[in-house]
*Asks:* 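I'd like to ask some things about the structure below.
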Protein chains: 2
Amino acid sequence: MPEPLSPSKPERPAWEDLALEAVGTVIEFWGFKRNQGRVWALLYLRGQALSAAQIQHGLALSKGATSVLVRELEHWGVLRRVRRGSDRTWRFEAEQDLMAMVRRVLEHREGTLVSRVTADLARAEALVRQDRAATPEVRARVGRMLALARATEHALDVFRRTAHLDAAPVVEALVGAPASVRRRLARLAGRSEG
Amino acid sequence: MPEPLSPSKPERPAWEDLALEAVGTVIEFWGFKRNQGRVWALLYLRGQALSAAQIQHGLALSKGATSVLVRELEHWGVLRRVRRGSDRTWRFEAEQDLMAMVRRVLEHREGTLVSRVTADLARAEALVRQDRAATPEVRARVGRMLALARATEHALDVFRRTAHLDAAPVVEALVGAPASVRRRLARLAGRSEG
DNA sequence: GGATAGGTTCACGGGGTCCTGAACCTCGTG
DNA sequence: CACGAGGTTCAGGACCCCGTGAACCTATCC
């Protein structure tokens, strides 16, 4: 039996709290809801599918919030909604491939925001190029701004690919691997940035 | 005389508006105030030191907001406060090295948030290691979480170094360089580039 | 059908962030 | 000294995001 998650007694081990809040903080930083991070972390740490009620009580959330949060996480592909046997209640389990998660987030960000901004700057650069009132210096500055945007886009791409590379397999491998192996892997990952 | 910035007539060229808002959007995405980005972009595009009043009218801000915004940007090292000659009013000019700016932001983020989270996860991992009630699987999961955090830290570092590398010199070089050179640089940087 | 548990939706309120506008401070200068 | 321009601070308000809690929907079982 999977420990009924004691609704009244939140006697959670200290390490779980630490991990939950850490993930919540990171997720919040990336512009999502803190509780989305906490839900994912809870599921990941427990390593099994939990019902909405268990999540709700485990994290002291309301019924409504839980419903919304799991739907959002599911939409992000961060959670799977499963039904077991003849049980008619949904259970949720964490996506296991952590890096797939990170990549998905980055791709979304890159797609929606960064590239849109780059496009706007490209338009601005085209306009200033035609503007007879603009001095060469001004044109150069707009051009440099656009170049910065492109560089950022590129760097994000490198970041994403790097994260991809030393992710799923490597992260697994790193756990408990001897220091020598870790160093070799790290060096390999460093080469991939070129 | 540096163009009085026409307080009543906001007849700004379209490209300037585009650039201003683009930068504002990016800055806002990174967790800062939209207007901080707009102020910096205005100063950068104008390429000269502007007074607080000019900024205020140029961006349709209040006196108070302007004062706060420039102080914050100054604190970030993103603009310089200068006094010219016997003029007793402050003027502000944009930091020219764009990448220094980006790097500073990333370093701050890395320093305050990412590493703090990593530390928390490290504590959690130490605790779960001692917890006799924890199964080996749980310990492994916490360990994997910590590994993810470390990988993220590493990736951010790569990002930062990459941004640093092809930044200042390369960005400058790219401006106005012939297409053939641009393509070679782009290939070197590992990007297809349309 | 009625009862009940699981699940969703939504109006509302708390809390946070940012801006405004006015009071206030501080120096030069007449 | 008084005045005024430049600059700062701060209370108030607008706005937005998120969670609550209750109403509502739906399916299963008796």
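The chains referred to below are lettered A, B, ... by the order of the sequence lines, with proteins before strands, and numbering in each begins at 1. All heavy atoms count here, side chains included; hydrogens, waters and symmetry mates do not.
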*Asks:* Using the criterion of both pairing distances under 3.5 Å for Watson-Crick and G-U wobble pairs, give all stems of 3 or more consecutive pairs involving DNA chain D.
*Replies:*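 Stems found: C:1-30 with D:1-30.
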*Asks:* Base, sugar-phosphate, or nothing for R83(A), non-hydrogen atoms under 4.0 angstrom?
*Replies:* nothing
*Asks:* Does the structure place the NZ or CZ of R83(A) under 6.0 Å from the centre of the six-membered ring of W90(A), at an angle of no more than 45° from the ring's axis?
*Replies:* yes
*Asks:* Should Q48(B) and E93(B) be marked as a side chain to side chain contact (heavy atoms under 4.5 Å, CB included) after you check the CA-CA gap, both sets of side-chain angles, and the distance that decides it?
*Replies:* CA-CA 6 Å; Q48(B) 54 185 278; E93(B) 57 184 23; over 6 Å; no
*Asks:* Which nucleotide, dT8(D), dG7(D), dG19(D), lies nearest any side-chain atom of N35(A)?
*Replies:* dG19(D)
*Asks:* Kindly indicate whether the side chain of K33(A) and the base of dG19(D) share any N or O donor-acceptor pair separated by less than 3.5 Å?
*Replies:*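 In this structure, the two groups form no donor-acceptor pair.
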*Asks:* Looking at the side chain of A52(B), which of dT20(C), dG7(D), dT20(D) is the nearest nucleotide?
*Replies:*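 Closest nucleotide among those given: dG7(D).
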*Asks:* Between R71(A) and dG7(C), is there a contact of a side-chain N or O with OP1 or OP2 at under 4.0 Å?
*Replies:* no
*Asks:* Is there a donor and acceptor pair, one atom on the side chain of K63(A) and one on the base of dG7(C), closer than 3.5 Å?
*Replies:*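 Looking at the base of dG7(C), it does pair with a donor or acceptor on the side chain of K63(A) (distance under 3.5 Å).
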*Asks:* Considering every strand and a 4.0 Å limit on heavy-atom distances, what is the contact class for S67(B): base, sugar-phosphate, or nothing?
*Replies:* base
*Asks:* R88(A) side chain: which of dA5(C), dG21(D), dG21(C) is closest?
*Replies:* dA5(C)
*Asks:* Mind calculating the distance between CG (L61(A)) and C1' (dG6(C)) to the nearest angstrom?
*Replies:*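 These atoms are roughly 17 Å apart.
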*Asks:* Which one, dG7(D), dA5(D), dT9(D), comes nearest to the side chain of V68(B)?
*Replies:*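 So the side chain of V68(B) is nearest to dT9(D).
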*Asks:* Looking for any heavy atom pair under 4.0 Å, which part of the strands does R91(A) touch: base, sugar-phosphate only, or nothing?
*Replies:*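 Nothing, no nucleic acid heavy atom in range.
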